[in-house]
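Only one structure is covered here, and it is reproduced in the block below.
Residue numbers run from 1 in the order of the sequence given. Quantities reported herein were computed from a predicted structural model and do not represent experimental measurements.
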Amino acid sequence: MAVDNENEHRDEELNEETTNDDPEEDEEQEEGGEDEAEEDEEDEEETEDPMESIREKCEEKPECSKLKLDFSNCEERVSSKSNTAETCAQELLDFLHCRDHCVSKNLFHKLK
């Protein structure tokens, strides 16, 4: 019983230490966090990732677009069946390999 009382007493002390009696200070801390989050979002919007545009261009190349079409056809075929063990993993891997191989040729020339 003494252990329970000690634990309760410690919990009360911890709650008192972590509780802030000044609501204005809490508001200032919350507002400061919001400003930082907005600034981070603005910084992210300014910087454009060149890999995204290169990926899009590579997906349109004939060798990769064919693999993307194969993957799409496989997805349609699998989703139309209610009970199948077929997955489109190989088609997806083939497409991603083609796209990433193309991206790797062009991406590092655009990075600083």
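Residues Glu86 and Cys74 form a side-chain contact, since some pair of their non-hydrogen atoms from C-beta on lies under 4.5 Å apart.
Atom NE2 in His101 sits 10.0 Å away from atom CG in Asn106 (nearest 0.5 Å). Distance check: Lys66 NZ to Leu69 CG gives 8.0 Å after rounding to the nearest 0.5 Å. Considering NZ of Lys57 and SG of Cys102, their distance stands at 10.0 Å, rounded to 0.5 Å. Distance CD/Glu91 to CZ/Arg77: 6.5 Å, rounded to 0.5 Å. The CG atom of Asp49 sits 7.5 Å away from atom CG of Leu107, with the distance rounded to the nearest 0.5 Å. Within the model, atoms CD of Gln90 and NE2 of His97 stand 10.5 Å from one another, a figure rounded to the nearest 0.5 Å.
Considering Glu60, Glu56, Glu59 as possible partners of Lys68, the one that fulfils the salt bridge (charged side-chain N to carboxylate O under 4.0 Å, His left out) test is Glu59.
Leu67 forms part of a hydrophobic cluster together with Phe71, Leu92, Phe95, Leu96, judged by ILVMFWY side-chain heavy-atom separations under 4.5 Å.
Between Cys58 and Cys64 the SG-SG gap reaches or exceeds 2.5 angstrom.
Not counting sequence neighbours, Glu76 has no partner by the side-chain hydrogen bond (donor to acceptor under 3.5 Å, both in side chains) test.
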